[in-house]
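Heads up, the thing below is written out as structure tokens.
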There are 2 protein chains.
Amino acid sequence: MKTYSISEAAKYLDLTAYTLRYYDKEGLIPFVERTESGTRRFKEKDLDALRMIECLKSTGMPIKEIKHFIDWCLEGDATLQQRYDMFLERKACVEAQLEEMKKTIEMIEHKCRYYQTALEAGTEDIHKGARLEFPEY
Amino acid sequence: MKTYSISEAAKYLDLTAYTLRYYDKEGLIPFVERTESGTRRFKEKDLDALRMIECLKSTGMPIKEIKHFIDWCLEGDATLQQRYDMFLERKACVEAQLEEMKKTIEMIEHKCRYYQTALEAGTEDIHKGARLEFPEY
DNA sequence: TCTTGACCTAGAGTTAACTGTAGGGTTTAG
DNA sequence: CTAAACCCTACAGTTAACTCTAGGTCAAGA
């Protein structure tokens, strides 16, 4: 079975070896095995688990909470409900983020139009009617 | 014209007074005026600017870069192009984030289904075929 | 055999973005 | 008029997530 050194694994995951060691220290990847001399060997499965960890991280989940999830995984079927609930909560959380992001895009697009018009006019004053005001921030 | 104290402003923006003072110190809100005795008075316009700042922050823009934008605003029409470019870049950045988030949701939904099935079966083994393997993380 | 480069741990340092404290002034309700 | 509840600054402390250094081990090529 093909395995990867820490720096190979880091390369595939777009992380650094430092970060992987840090994750290990934090208990995020207790399943990664070592050679006799103590060198970590990452299996495909480990890379998949790390992709899941990155996925959870991208939802804004802190590393300590991800560790709880990993601990539940090690505990087996007794924690299935907790894990299911966690993913349902994550789903709700990301969906809320998605809604927020749509609003953000609207605001940014408004600004793009604002500045495009201003650039065409050569001045921001175009957005001030006849009144003298401070620029929009 | 109605104005707000720092703690009122914080309440409306869902921030703390500490955070607003920190933003001020970092040069994000140089336009906020003070009373004779030095107390900050936030105008509606200032709250709008802060909403824009929060919007930029939500795109992952660091405070130092937001400050550059504020500085450009103070410099006037000479910086219109920079500001336009910045918003175009922000737009591209958030759109990329949106794509990432869609992939995240897919992964999370996969896991929700995985755990729902496992819960129904009472064991994660249902996902292992007949093989004995470690659980999915 | 020797050297080079990758690996290891422990622990210190960094960075961003707050968050809180100390000490002091001001405003407002009773 | 006074006490509580604000406000202010300066600066120290916190937290998360790395990031790096020092000192050492190990494995492969010249």
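Since this is a predicted model, take the numbers as computed values, not measurements. Every chain is numbered from 1 and lettered A, B, ... according to where its sequence line falls, protein lines coming before strand lines.
Between C:dC8 and A:R40, a contact under 4.0 Å exists linking OP1 or OP2 to a side-chain N or O. Using a 4.0 Å cut-off, no side-chain N or O of B:Y22 falls inside it from OP1 or OP2 of C:dG20. Applying the 4.0 Å criterion to OP1 and OP2 of D:dC8, one finds that B:S37 has every side-chain N and O outside that range.
Note on B:T35: nothing from the nucleic acid sits closer than 4.0 angstrom, heavy atoms only. Contact annotation for B:R34: backbone-only contact, meaning every heavy-atom pair under 4.0 Å involves sugar-phosphate atoms and none involves a base. Contacts of A:R21 with the nucleic acid, taken as non-hydrogen atoms under 4.0 Å apart, include base atoms.
Distance from the side chain of A:I6 is smallest for C:dC8 among the nucleotides C:dC8, D:dT19, C:dG20. Listed nucleotides C:dT19, D:dA16, C:dC7 differ in distance to A:K64; the shortest reach to its side chain belongs to D:dA16. The listed nucleotides are C:dC18, D:dA17, D:dT19; the one nearest the side chain of A:I63 is D:dA17.
Computed from coordinates, the B:E26 CD to C:dC18 C1' distance equals 10 Å when rounded to whole Å. Atom CG of B:L28 and atom C1' of C:dA17 are 12 Å apart (whole Å). The OH-P distance, from B:Y18 to D:dT15, rounds to 15 Å in whole Å. One interatomic measurement links the two molecules: CG of B:L56 to C1' of C:dA17, which rounds to 16 Å at whole-angstrom precision. One interatomic measurement links the two molecules: CG of B:L13 to P of C:dA17, which rounds to 18 Å at whole-angstrom precision. One can place CD of B:E54 at 11 Å from C1' of C:dA17, the figure rounded to the nearest angstrom. The CE-C1' distance, from A:M61 to D:dA17, rounds to 16 Å in whole Å. Here C:dA6 presents its P atom at 16 Å from CG of A:L20, a figure rounded to the nearest Å.
Aromatic ring pairs are classed by plane angle as parallel below 30°, tilted from 30° to 60° and perpendicular above 60°; the pair B:F69 and A:Y115 is perpendicular.
Under a 4.0 Å N-O distance rule, the pair B:E99/B:K102 qualifies as a salt bridge. By the 4.0 Å N-to-carboxylate-O rule, A:E124 lies close enough to B:R83 to be salt-bridged with it.
Closest non-hydrogen pair, B:L56 versus A:I108, comes out as CD2-CD1, 4.3 Å.
Along DNA chain D, the nucleotide nearest to B:F42 and the one nearest to B:K25 differ in position, and the one closer to the 5' end is contacted by B:F42. Toward the 5′ end of DNA chain C lies the nearest nucleotide of A:D24, the other residue of the pair A:D24 and B:K57 mapping further downstream. Nearest-nucleotide positions on DNA chain C place B:G60 closer to the 5' end than the other of B:G60 and B:T39.
B:Y22 does not carry B:K25 over the face of its six-membered ring by the limits of under 6.0 Å from the centre and within 45° of the normal.
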